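Step one of this worksheet: look at the structure below.
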Amino acid sequence: MRLVPRLAAALSGLALTLGGVVAVAPAAHATPQACFYHVLAQHPGADPEVVERACLTGAEGTPEAVRACYVELRQDYVPAVVAFEACRRAGQEQRPATDHGSP
């Protein structure tokens, strides 16, 4: 096999591998985004800056952080049920999908 086709194949494989890593990277920040979009979908009148700050606080995942997230959203008149669910989502860890059907 000649050098040029081998080099092209190796570079293509490397590009695909690095592209896959970049495509997976945003999933690490999915939980604050889930909080943010949940609030704005359920309560469109909420201030996006307040919601972003609250969701980033809740993303720490500690009970105190989730509580602080909830209080901040409630101060912006977000309904209690919406604020609770959003802050709960912000505090959840991103878990990979698992196959529960295999033995």
Side-chain angles (χ1 to χ4, degrees):
M1 193 169 180
R2 296 182 51 143
L3 181 61
V4 174
R6 291 173 97 184
L7 184 60
L11 290 176
S12 297
L14 180 62
L16 288 173
T17 302
L18 292 177
V21 170
V22 171
V24 173
H29 301 289
T31 53
Q33 289 176 354
C35 168
F36 182 82
Y37 290 121
H38 179 73
V39 172
L40 293 181
Q42 299 296 318
H43 187 70
D47 181 357
E49 290 179 11
V50 172
V51 175
E52 180 182 16
R53 187 172 53 244
C55 291
L56 288 173
T57 299
E60 293 175 21
T62 64
E64 294 82 15
V66 173
R67 192 173 307 119
C69 170
Y70 177 82
V71 168
E72 194 161 355
L73 290 176
R74 290 294 290 140
Q75 288 175 347
D76 194 39
Y77 303 104
V78 174
V81 173
V82 174
F84 176 77
E85 177 62 22
C87 293
R88 186 187 67 76
R89 289 181 183 193
Q92 288 179 336
E93 291 182 27
Q94 189 72 11
R95 290 180 175 76
T98 57
D99 183 14
H100 295 289
S102 61

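Everything quoted here is computed from the prediction, not taken from an experiment.
- The side-chain heavy atoms of Gln42 and Pro79, taken from C-beta on, include no pair separated by under 4.5 Å.
- Through side-chain heavy atoms spaced under 4.5 Å, either directly or across other Ile, Leu, Val, Met, Phe, Trp or Tyr residues, Leu73 is tied to Phe36, Tyr37, Val39, Leu40, Val51, Val78, Val82.
- With values rounded to the nearest 0.5 angstrom, Cys87 atom SG is found 11.5 Å from Arg67 atom CZ.
- Residue Glu72 holds its CD atom at 5.5 Å from OG1 of Thr57, rounded to the nearest 0.5 Å.
- Hydrophobic cluster membership of Val66, counting Ile, Leu, Val, Met, Phe, Trp and Tyr whose side-chain heavy atoms lie under 4.5 Å apart directly or via other members: none, as it forms a cluster of its own.
- Rounding to the nearest 0.5 Å places CD of Gln75 at 12.5 Å from CG of Asp47.
- Looking at every heavy atom in both residues, Tyr70 comes nearest to Phe84 through CD1-N, 3.7 Å.
- Distance check, rounded to the nearest 0.5 Å: NE2 of His38 to CZ of Arg88 gives 8.5 Å.
- Taking CD of Gln92 as the reference point, atom SG of Cys35 lies at 10.5 Å (rounded to 0.5 Å).
- Residue Val50 shares its hydrophobic cluster (ILVMFWY side chains chained together at separations under 4.5 Å) with no other residue.
- Residues Ala90 and Cys55 share a closest heavy-atom pair of CB-O, 3.7 Å.
- Under a 4.0 Å N-O distance rule, the pair Arg53/Glu49 does not qualify as a salt bridge.
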